[in-house]
Structures are given as C-alpha cells and as structure tokens.
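Notes follow once the structure below has been shown.
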Amino acid sequence: MNEFTMPTQYSALETEGKWYAAWEAAGLFKPDESGSKPIYCITIPPPNITGSLHMGHALCYPLQDTLGRYQRLQGKNVLILPGQDHAGIATQSVVDKQLKKEGKSAAAIGREKFVERVWEWRKESGDTILHQLRSLGCAFDWSRLRFTLDEEYADAVLKVFINWFDRGLIFRGKRVVNWDPILQTSVSDIETERKTVRGKLYYVRYPFADGSGDVVIATTRPETMLADVAVAVHPSDARYTGLVGKYLILPLLNRDIPLISDIYPDPAFGSGAVKITPAHDANDYQVGIRHGLPMPTILDERARIILEGTKYHSLDRLEARKQVVADLEEGGFLVKIEDHEIPILISERSGEVIEPLLSEQWFVDQPKLAERVIPHVKAGDVKFHPPRYERIFLDWLENIREWCISRQLWWGHRIPIYYTADGTPIAAMSQADAEQKSGQAIVRQDEDVLDTWFSSGLWPFATLGWPHDSSDLKRFYPTSTLITDRNIINLWVARMMMMGYDLTGEKPFSDVIIYATVLREDGRRMSKSLGTGIDPMTIISTIGADALRYTLLSQTGENQDIKYSDRKTEEARNFANKIWNATRFVLLNVESTPAEPTQFEIVDQWLLSRLAATEKEVRRAYDEFDLQSACQALYRFFWSEMCDWYIEVTKSRLANQETKAVPQWVLLTAINAFLKMMHPIMPHITEELYSHLPLKDKAAFIMAEAWPQIPDSWTNPQAESTVERWFTITRALRGLRAEVGLDAKSQIPSVHFVGDLQGGDAVIQSQARASALVLGVPTGPKSISTTIGGVDLYLPIEGLIDMEKELGRLGREAQKTREDLDKLQLRLTNPQFTERAKPEVVARETELAAELQDKLQKIQIRIQLFTG
RNA sequence: GGGCGGUUAGCUCAGUUGGUAGAGCGCCUCGUUUACACCGAGGUGGUCGCGGGUUCGAGUCCUGCACCGCCCACCA
C-alpha cells in the first residue's frame, strides 16, 4: 500500500495483525544477547492459567508493554518476561467442576489421575490468555515463557521450602485457620473478605453445677456451644466477683465447664460472659491456650457436626444451629434473641462463609522476613507509585503475622516434607534425599501443597533461573518495574519483597506501580459473575487494540479507579483516524525527504518549538509513569497544533514548488517524532505509518528506532508567543464573522486593523479568510470591531447585519470589560495588595488594567460611532 | 473502629511552587475550502461538595462536616 491507496478511514483490523508477526519474526521481543546497553526488565504478573482477558488485564499488560517499548526507544536492552501461574485453588476448582459434570469426582479417581487430568486441561485451554495478550500487541519475550510448575521453577520452590525449614522460618503448628468448607482447604487471612450480615444474638443460660443460679452468655453461633470448654468473664466485672472458678453445666450436653477470668471479654457487650470454644474461634483459641483448656473439634472438613451418639451428629452447621436453638428453647435455656449485625469472613475463592477450624498446618515466620524488608522500603530502595501505597505496605509489614502456607489440595507444589516412622519431618527434594538425610526409612510424604503465593513470590528471580547463577539472573536481576493492582500488594508484592531480600539478598524490583481499577461507566465494578464485565476482545475486534490501549492508558495516572466507556474508545478511535489522515496528507505532499532547511519561517519555528516542548513533557511523563499526561501532550500537539494550525497555515506553501521544501521537512520531522513518541501506547498504527514515511535513514521498524533527538535550538519562546498571538487575532476575527452570521467559507472584503501584527498579516488574512488587511480605521462604512492582543480589528459590515444586534453585542462586551476592570482596580487600589504581593504580579496586573481600560474606551467610541 | 482516595462545565476528567478556571465528549450555530464528517470554524455552559480559618489574594494551604469509593481491624 502506498500513500495514494491509503483509504480515508483507518482500519485497525487490517493493520494490527500483520505487525505482531513481523516484530516477532524480526526477533524484536528478545533482548540483545550481547552489548553493554543498560538493562530494563519486567517479569510480568503471571496470569492464572484459568484466566481469560478482562479489562484489568487490558490495562495492566499494555501498560507494561508501553514501558518496555518506551525503554527500547530510549536505548535500553529490554526484557519483558511473560509467564503463567498454576493457580492452585482456581484451577483445581475448574477441573473439579468438570469431573462433577462427568459424574466423577477427584476423590474417586485419586491424586495421581487428578493431577494428570489438570495437566491435560492446561494443555487444551490454559493458554487462552497468552494469545489474547498478543492481540493486545504486547511485545513479550515468549522464548522465555515461564510457568510456576515448570520443572526448574518447581525445583526452586522446593529448595526455598527446604532452606526455610532448615532455618526455622517454616514450621508446623496447630492453629485455628480459615477453613473453606466448599474447597475443603485452609486459606490465608488475605484470601478472605470481611462482610457484615444481619443475624441474631442468642442469650443462653448456663446454670451453675451446684444449683446456685446461672450465667447468661451471648453468642451469634449457638451451635458451637457443643464444643464449649469454659465461660469467660472479665476480671474487673463486678457481676461475677466471687463466682470465677465455679462450674457451670453446659446445656444439652450436660458437661461441667469452668467459669474462668480472662481479659478477652468486654464487660460492655452482651452479658459480659463469653462462651469459649477454642477449636472453632480464633479468639477463643487464644483464651484456651492461656488457660490450658481442652480443644475438642466438632466440625469436619465440610463444616458438619461430628458428635457421635448425639442427635446433632452429621448435621450441617446451619441445620445444627436451628436444632440447638430449638432444644435450648425447649430446655428453658434460651433467654432471648436479639437482632445483631454479624461480621463474617467470606472465602474469596468460593464465596463460602469461612469456618475457623483448629488444625495442623505449615506456617512461614513472616515477622522475621518482614524485618529485613522494612528498612529498605523506608530508605527508598523500592519506590511505590503512587507513593501513598508505601504507607499501606509498611503498615501491613509492621503488623504482619504468620502465614499459613499449606493447602489441602492436589494441584500445586507438594510440600517436600517426608516423615520417618516416628513422625519426624525431613525436608528434602525427594524421598531418596530424605532417607539419606535422615538415615531412616521414610514412610510417607506430606499430603498438602503450597499456597500459590508461595511460588509466585519467587517470580522475579526464579523466572530468571534462580537458584542457579544463570546469565539471565546476572543481567536482569534485580528487575526494574513491577506493575500490579492494589488488591495484591500484601498478597504478592510483600511476598516477593520478603523472598527477594531473603533469598537473593537484593530487592526484586526498583519501582512498584499500582494501576487503577477499571470500572464500568456507571462506576460499578466489572464482574464476570454478575455479567457486568466488558470483554476486551470484543473491543479489539471492532476498533482495534491501539484504540483500546489508548482508552485505558490515557486515563492512567495516580488515580484509584478509571471508568471504561464506549464514548472514550470512540475518542481513541477518532484520534487514531486523525493520525492516519494527517499522515496521509503529508504523504500526499511529500514524495521524498528534503534536505534540512537553513532558513525557517516563524510558523515553522513555532511548530518545532512546540515539538521540543512536547518531547520534553512526554519524556517526563513516561519516566514518571504518568501516561495520562503523555497522552494529553501528544494529543494536543498532534491535533490542535500540528493539524489545526500548522497544516492549515502551510497548505499554500506546500502547493508552491518554490516554497514547499521547508514545510515538507518540518512536517515529516514532526510526524516522525510524533509517531515514535506515540508508539509505546499505540504500537500498530505508528508502525504502519512509519513504514510509509519517505525517510532517508530509517530503521526496519519504528519499534527498533531511537527516541527523537530534539536540538535545544528548536526551543523558541519568541516564535511561540508571536505565532500564538497571530492565532489569537485570527480566532477573534473568526469570532467576529460568526457573530454577525457570515459564512465561514465566504471571503470578507477587507479587514481594517490598528496595531502591530508582528509579521502575521499573511497568516491572519488567509486563516480568517479576509481578502485584504488594511491598516487604519475604516472611514466610510460601519464596522463591527474588537480589540485583542493590542490590535483593534474592524470588520466593515454595512448592509450585512442587524445594527441593533451589533449594538447589543458591543454593550455586552463593554459590560464584561468593565466588570473585569473593576475587579482588577479594586485589587490595585488596595494598599495591602500593592505592598505585599510580588512586584511582578503587581506589574502584570497593572498592565492588564491599562489594557482593559484602553479596550473599554475603544468600545465606547465604537458604540458612539454606531449610534451616531 | 482506624487509614487512604474522590467530590471542578450536562458527562468523563486535567489543573504544576496560591496570582482573573481548562480539555474531550454532549448541546447550539455555520460549513461539500487540495488529509480526515471517525472532519473543520464559532459558540453556550462552572458561587470548583458544605462550613470555618490563614493570606493582599484560595480550586490550590490548614481545620471541621457531608456524601461516594477502597483498604485494614480478634468484639462474642
């Protein structure tokens, strides 16, 4: 396709596909293997293999691609390393559901077959999202693709476990953990969500064993009384003075339990007495520990009651609640029921209410690891963008707790713990290793797998070959930038920091960018389950990846949320079309690169100066991850300055053989620079247009180009202010003609002016479409007029317009001017202002007041002329 | 309960160290000029959430409050 066959509408669909293949074939996604260029590296947040592209991804991954492309243009050796996360719980759920549909179950087919089955599933449909990232234009190095269950990666994970186990950073313990009764595994605190629901508060009477009255307790979960081992009251609570130490009869089960004293109960809440169920409540567990209480468990892994020989046995927890309440009532133990707001924990994965459950799990000593990270963050070794997230991050690290890393799943890294006959745990890479290590026979391996975040915490270095001293690790680690969303700052970023500092001795990355959440236009969340999501692939296949990228990236700054809307993608599409057509215009007018001119006109200098300013701003914006400003600067330069003004002003010069060389050169230079600066955000269209530019020295791809080098000498404030004054005058003239209803196309016979046009006569005349500019006040016919930038403009309009209307307009203008002037004078006559304000401010406002004064006088004269 | 972000034109948002409020879209008027109607020209539109304070001067700084959103938190 050459410029003459370029259609007048840009078709993203025809353009985008071909370039991705071309870049990849040219090896542009891979870093240089040799050379001394500075390094830029991102290991992308690995999407889940179960995932498919959503709007969050459509922001996150192009953002990383944009930074990578920018850094390439800046001459860096760039590696953007892609990968995928095995996503333990999510993936296991998917396959579980499939099995269920087939009438099978994981339990029935067994661990080995199940894991095989998951691998099969991954082969078939686990790569969907990787293909989608390609259609977004992401220039990732697919030759280095990593998966958290790759053999090498898995090796690294196990080594970390063993290392930490041997150092005492990993230990086994019996704790109350968050149990998900649907997934039937423990989940960590940060994988749960707190909610408040309307519920009931039950007041229950526990009689004293000696028949001397009773104690009333309040509970939201009466069914757990079946596992009560005590009732606690606060030591300062006068109501219970002298009663502590006595025994109570646990209703329904008729067991004796002690009344104990502990600081946990809040005397102001309920009756001040709390039933203690250590195995099914984290707080009660602490009380149980403090008092050495027994900790019977009465719920199984599906949250059913396990109490052989009672009527409650095998009831679901909610069924059991009804039964217990009914029985309490019947037995006369139920005092009252109140409505109550109950805080509950929801498992983020299954949506099920979490059951606190006492069980044996593996833990990581996070407080110890965090200690090492905190000073580095405080010292600024790792910077957050926006910076407010640093505080949030540190707060969490400073209050961090143990991390439960064992999951009762099959899909994942199986915990490398082997037990000898006497139950001693040995951490080793294999059973053989364990036997060698312990000198004993191994009877079994731990059944659990590791929390997915344990393995993804190693991402920035395990993907580069750690723990081996690989050349990639040496060259690309520490990585440069991490881009992620705020929901996983604690879940993932913190883990990478702790693991990175502990295992590599270095920070995993220098900058952490937290990007905005993409909401719907109405401000609601996009959610697949609610059907409120918008599929990015649909957008890509209608208006193109570039437009989608621009839509999201042009809203990306320090904001917390951005709203997606079709109107915005339309804007982006229009911008792409504008870029297409303006370039098309230039190509129609420029057949080859002219030599660099030695003489420029002022408008040329103006555009080059604007280009210089734009380049500076865009570079600053990219460097500070402020893509919003980058887009704004590029949009303004291209559309307002280059298209609306420079091209329009220059058309006549381009039509003339004698004068066309200079504007041709300027336009080509501006477009070339613009396309490079725009390329990181809109890679396809810029690559396409670049390929058509008739440049002498040109890289094979814009992607492999260098960032535009703008000479300092192009910065020309003088030219900028002069030319912008011409434009202001032009706009004023256009305004005058529109005011009186003259067609925009028709020529005005002549415009009179008084004042200095600073060489802008020709530009003003042509852009305002006047057939002549005449110096001096028009003598004969009546005119409409205005004063702008120190120039009085007169448009003779006798017979063309309604004189009454014009008088009205002049009256309004006079009034507005007077109001402005009054405000200013009020300030200028205030000694407080003239004495305390900065002298330059006073000077400027004094000058402005003089101008307004002058303008007002002239308007008044015109009114007189008109009426006279 | 604690913390963070937001509140500026009908809509979505910019607004640098305090110095007469901006963009895009929408709306209105005009327009088939050697790119582009996914366009061009002009215009309408804002007591900058509310109340105090600092200052000659506040969208911008301080302080209360309201509303929206997010995060953290062991009250049965």
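So that the names make sense, note that chain A is the first sequence line, chain B the second, and so on, each numbered from 1.
In this model, a side-chain donor or acceptor of A:R573 finds a partner on the base of B:C38 within 3.5 Å. On a pure distance criterion of 3.5 Å, no polar donor-acceptor pair joins the side chain of A:E648 and the base of B:A41.
Side-chain contact annotation: A:T277 with A:K275, donor-acceptor N/O pair under 3.5 Å present. Side-chain N/O atoms of A:R584 and A:N581 include a donor and acceptor closer than 3.5 Å. Side-chain N/O atoms of A:T614 and A:R636 include no donor and acceptor closer than 3.5 Å.
The shortest distance between the side-chain N/O atoms of A:N487 and the OP1/OP2 oxygens of B:C71 is below 4.0 Å. A sub-4.0 Å separation between OP1 or OP2 of B:C74 and a side-chain N or O of A:R194 is present. Proximity of A:W639 to the phosphate of B:G40: a side-chain N or O atom is located under 4.0 Å from OP1 or OP2. Here A:K568 does not reach the OP1 or OP2 of B:C13: none of its side-chain N or O atoms lies under 4.0 Å away. Between A:R769 and the phosphate of B:A41, there is no side-chain N or O to OP1/OP2 separation shorter than 4.0 Å. Contact between the side-chain N/O atoms of A:K563 and the OP1/OP2 oxygens of B:C13 is found at a separation under 4.0 Å. Applying the 4.0 Å criterion to OP1 and OP2 of B:A35, one finds that A:N589 has every side-chain N and O outside that range. Between A:Q560 and B:G6 there is no side-chain polar atom (N or O) within less than 4.0 angstrom of OP1 or OP2. Regarding contacts with the backbone of B:C30, every side-chain N or O of A:R737 stays at 4.0 angstrom or more from both OP1 and OP2.
Between the side chain of A:R520 and the main chain of A:I534, no donor-acceptor pair closer than 3.5 Å is present.
Figure legend: A:K651 and A:F585 shown as a cation-pi pair, the cationic atom lying under 6.0 angstrom from the six-membered ring centre and within 45 degrees of its axis.
When each of B:C38, B:A14, B:A35 is scored by its nearest atom to the side-chain atoms of A:Q632, the top-ranked nucleotide is B:A14. Considering only the side chain of A:R827, B:G19 comes nearest among B:C38, B:G19, B:U12.
Between A:F575 and A:F674, the two ring planes are perpendicular [angle over 60°; tilted spans 30° to 60°].
Rounding to whole angstrom units, CD1 of residue A:I337 and C1' of B:A76 are separated by 16 Å. Between A:L828 atom CG and B:G19 atom P there is a gap of 17 Å when expressed in whole angstrom units. In this structure, the CZ atom of A:F575 is 12 Å from the C1' atom of B:G24, given to the nearest Å. To the nearest angstrom, C1' of B:A76 lies 10 Å from CD1 of A:I342. One interatomic measurement links the two molecules: OH of A:Y515 to P of B:G5, which rounds to 21 Å at whole-angstrom precision. Rounded to a whole Å, the CH2 atom of A:W396 is 23 Å from the P atom of B:G2.
Atom P of B:G3 sits at a distance of 38 Å from the matching atom of B:G46, rounded to the whole Å.
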request  = Go ahead and write out RNA chain B as dot-bracket, 5' to 3': ( ) for pairs within the strand, [ ] for ones crossing earlier pairs, | when the partner sits on another strand, dots for unpaired; Watson-Crick or G-U wobble, both distances under 3.5 Å.
outcome  = ((((((((.[[[[.)...(..]]]].(((((.......))))).....[[[[[..)....]]]]])))))))....
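Every pair passing salt bridge (charged side-chain N to carboxylate O under 4.0 Å, His left out) that includes a residue from residues 620-632 of chain A is listed here, sequence neighbours excluded: A:E617-A:R620, A:R620-A:E624, A:R620-A:D626.
Using a 4.0 Å heavy-atom distance criterion, A:I489 is classed as making no nucleic acid contact.
Using a 4.0 Å cut-off between charged side-chain N and carboxylate O, A:E521 and A:R567 make a salt bridge.
Take the nearest nucleotide of RNA chain B for A:R525 and for A:L852: the residue whose nucleotide is more 5' is A:L852.
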